[in-house]
Amino acid sequence: MLAILLRRFVSMVLIMAVISFALFLIFESDKSSVAAKVLGQYSLPEQREIWLEKNGYNRPFAERYLSWVGNFLTGKWGQSIQFDQPVSELLLPRLANTGILGGFVFFITIGISLVLGVLSGISEASFKDRAITVFSVLTTSVPEFASATLLVAIFVFWLDWLPGTSPFTNGFELAELVLPVSVLVIYNFGYYTRMTRASMAEVMTSQYVRTAILKGIPFRSVVLKHALRNALIAPFTVMVLQLNYLLSGVIVVEVFFAYKGFGKLLYDSALFGDIYVVEACTMVAVFVAVLSQVISDIGYTLLNPRIRYS
Amino acid sequence: MTDKTADHATPPSGLSQFFKALGLLRESRIGMFGVILVGFWVIMAIIAPLLPLHPPNTPMVPLQGPFTTMEDGTNFWLGTDHKGRDILSRLIWGSQLVLLWSTLATIVAYAVGIMLGVAAGYLGGWWDEAISFFANVLLSFPVMVLYLIIITYLGSSGFNVIIAVTFATGPAIMRIVRGLVLDLRTRDYVAAAEVRGERPLYIMIVELLPNARGPLIVDVCLRLGYTAITIALLGYLGIGLPPPDPDWGKMIAEAQPLGSFGANGAIWPAIAISMLVLGLNMLADGLREISLRD
């Protein structure tokens, strides 16, 4: 167990290191373009040279990279060009907003897909199973920006029930959260449902479940006490691994609804050329993604006794 | 896949294989739905130049609703957008763009993914370590982040969209192929080829690749769907194919700031992309169903 953890941790650090180097190479290897971005297109060459010297850009590449890593680890993420604000001050509230959105989506999706997946998995090939499967294929095929368009057309323009954007200008409002959360749940629950269904259906045909049923244990408690725990191993791993894809969807939805989250910040900064914000956002996103892989591994180990005790 | 010996004895041509699969698909209802949906858009894309459509980029009367007939008898079946361009025409010409670029991007991503996957799986050792690590690094990015970085760094063009898609999906394809090859390389015919003294490159291309084909067909359908989404999505985000050609995602992006006036211009491309992706997903389901059956 400890060995697995250690190996995962080492590979996580290695991946982060490679990515940080690639990012630095992409965005900061050409120092004159950095100066042009920070000082603006119309700055004079002398100004740029002074700025480069003052900020240590005239040092050798390796030294610059190492000091960048050092600064990054100690939370000195630079100054946003677009917003003229320290990146860390800018990023943290945005991350909190995305956390709210992502948290709602994650738990609602898990709730719906576990119920539907188990319901269709315990009665394979029944009408209920087929209906749930078709429904989840249907919803998974509608990309986020398309379902957002359709939901906005229905609930905002036609019925006029909900606001069509979510900028939170008057503080937190639950109504503004409904559409973004719905869009992401609709797109994501189908995949989880099918995973849960497949896993549940497999466990239900196993020897020990048949034994339990033949022993006369009520079906309900066979499902809840015997089958569910084993059936959840595969979906759990997938769900946590899918955080990566969820994050991609979150970016799209935040842009669509003008939601002031991390994804919108990354999008705006990438288009603007706000390199320090892009670097920080990317590192945070990759960190979350890699961390979710480690968590999924640990969870898998904890849930599966065959691995836990080996 | 299950019928390996027969497969190896008489390698059928790709085309006849394709028609055989289509014939088998008739048994799967969900697969047939998929064929119809995808076929609809493929046919639309092919016959677009023959249809009596308004030119897709010419401004006429702005912001007409669906089923409008003007005084001079011109019809706008789905209405017009804010610049007065016919939505139906843009939708159908847009299908050409989405299908063309998503197919191209998928082919390139597959070529790269298969090459790396076969190399990693067959050569093993240091090759496998290096390729797998590289794939893991790329897979650690949320795909949208990867797209944003690549496209803002390289600039937006059709070619760069292909590069971005290759970076984002190549590693996943490589992993699948690697897994398949790890399984296949223990087969007798690989050992036989090794004994004959064939070079690794020959074994990879002639012996391993054709036999890894089966499970990949399902994945191709799914991935074509994802790529179609990606192309439209990049268009929506304004970092896809350059204007003014009609791109479904861009149509949504252009209509969105108009609020309720733009709703008509936005829902049609949203429905179109959903139809196409749904078709591809159902096709994949149908193919999976048949491949499990025999």
Side-chain angles (χ1 to χ4, degrees), chain A residues 11-12 14-16 18-19 22-23 26-27 130 133-134 137-150 152-154 156-158 160 164 190 241 243-252 255-256 263 266-267 269-273 278-279 281-282 284-290 293, chain B residues 30 33-34 37 133-134 136-153 168 225-226 228-230 232-233 235-239 248-249 251-253 255-256 259-282 284-285:
Chain A
S11 97
M12 176 175 158
L14 210 58
I15 285 177
M16 296 287 294
V18 169
I19 288 176
L23 274 182
I26 289 175
F27 289 113
R130 293 207 152 243
T133 304
V134 169
V137 174
L138 210 72
T139 54
T140 316
S141 302
V142 185
E144 288 104 343
F145 64 99
S147 62
T149 304
L150 299 175
V152 164
I154 296 172
V156 181
F157 299 142
W158 185 38
D160 199 15
L241 278 180
L243 270 182
N244 212 336
Y245 293 89
L246 187 63
L247 210 57
S248 289
V250 164
I251 298 177
V252 178
V255 171
F256 192 98
L266 174 59
Y267 173 77
S269 316
L271 291 193
F272 189 89
V278 175
E279 284 170 357
C281 284
T282 308
V284 169
V286 172
F287 178 71
V288 171
V290 180
Q293 284 170 3
Chain B
I30 204 164
F33 270 121
L37 285 176
F133 180 75
F134 185 60
N136 276 341
V137 169
L138 285 176
L139 286 171
S140 303
F141 281 97
V143 278
M144 265 317 297
V145 177
L146 206 55
Y147 290 139
L148 281 174
I149 291 179
I150 293 177
I151 305 240
T152 51
Y153 180 65
Y226 290 136
I229 294 181
T230 304
L233 182 56
Y236 171 73
L237 294 176
I239 53 176
W248 290 347
M251 287 169 75
I252 296 180
Q256 203 190 2
S260 57
F261 294 109
N264 181 51
I267 50 178
W268 299 110
I271 292 173
I273 182 78
S274 309
M275 263 176 75
L276 177 64
V277 177
L278 179 66
L280 286 164
N281 285 352
M282 288 179 129
D285 262 24

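Protein chains get the first letters and strands the later ones, always in sequence-line order, with residue 1 at the start of each.
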Is it the side chain or the backbone of B:Ala232 that comes within 4.5 Å of chain A heavy atoms, both, or neither? both
N/O donor to acceptor pairs below 3.5 angstrom from side-chain atoms of residues 271-278 of chain B, sequence neighbours left out:
unit_1, atom_1, unit_2, atom_2, d
B:Ser274, OG, B:Ala270, O, 2.7

Highest number of heavy-atom pairs under 4.5 Å with chain A among B:Ile229, B:Leu146, B:Asn264 belongs to B:Ile229
Between A:Ile251 and chain B, which part of the residue has a heavy atom less than 4.5 Å away: side chain, backbone, both or neither? side chain
Once rounded to the nearest 0.5 Å, what's the spacing between atom CD1 of A:Ile154 and atom CD1 of B:Ile267? 8.5 Å
Mind listing the closest non-hydrogen atom pair of A:Gln293 and B:Leu139 along with its distance? NE2-O, 4.3 Å
Please identify, among A:Leu247, A:Ile26, A:Val137, the residue contributing the most non-hydrogen atom pairs under 4.5 Å to chain B. A:Ile26
Who among B:Ile149, B:Asn136, B:Ile30 has the most heavy-atom pairs with chain A under 4.5 Å? B:Ile149
Which bit of A:Phe27 comes within less than 4.5 Å of chain B, counting heavy atoms only: side chain, backbone, both or neither? side chain
Against chain A, label B:Phe133 side chain, backbone, both or neither, depending on which of its atoms sit under 4.5 Å from a heavy atom there. side chain
Please round to the nearest 0.5 Å and tell me the distance separating atom CD1 of B:Ile239 and atom CG of A:Leu271. 6.5 Å
Whether B:Ser140 side chain and A:Val290 backbone form a donor-acceptor pair below 3.5 Å: no
Measuring heavy-atom distances to chain B, does A:Leu246 have an atom under 4.5 Å in its side chain, in its backbone, in both, or in neither? neither
Interface residue of largest heavy-atom contact number with chain A, from B:Val143, B:Leu237, B:Ile151, B:Asp285, under 4.5 Å: B:Leu237
Under 4.5 Å, counting heavy-atom pairs only, tell me which of A:Thr133, A:Thr149, A:Val250 racks up the most with chain B. A:Thr149
Between CD1 of A:Ile15 and CZ of B:Phe141, what distance do you get to the nearest 0.5 Å? 10.5 Å
Top of A:Ala153, A:Ser248, A:Gly249 for chain B proximity - count of heavy-atom pairs under 4.5 angstrom: A:Ser248
Has A:Tyr245 got more than 12 heavy atoms of other residues, nucleotides or ligands less than 6.0 Å from its OH? no
Quick check on A:Val18 against chain B: is it the side chain, the backbone, both or neither that has a heavy atom closer than 4.5 Å? side chain
Please round to the nearest 0.5 Å and tell me the distance separating atom CZ of A:Phe145 and atom CD1 of B:Ile252. 5.0 Å
Excluding sequence neighbours, so at least two apart, what forms ring pair (Phe, Tyr, Trp, His ring centres under 6.0 Å) with A:Phe256? B:Tyr236
Say you draw a straight line from OH of A:Tyr267 to OG1 of B:Thr152; how long is it, rounded to the nearest 0.5 Å? 11.0 Å
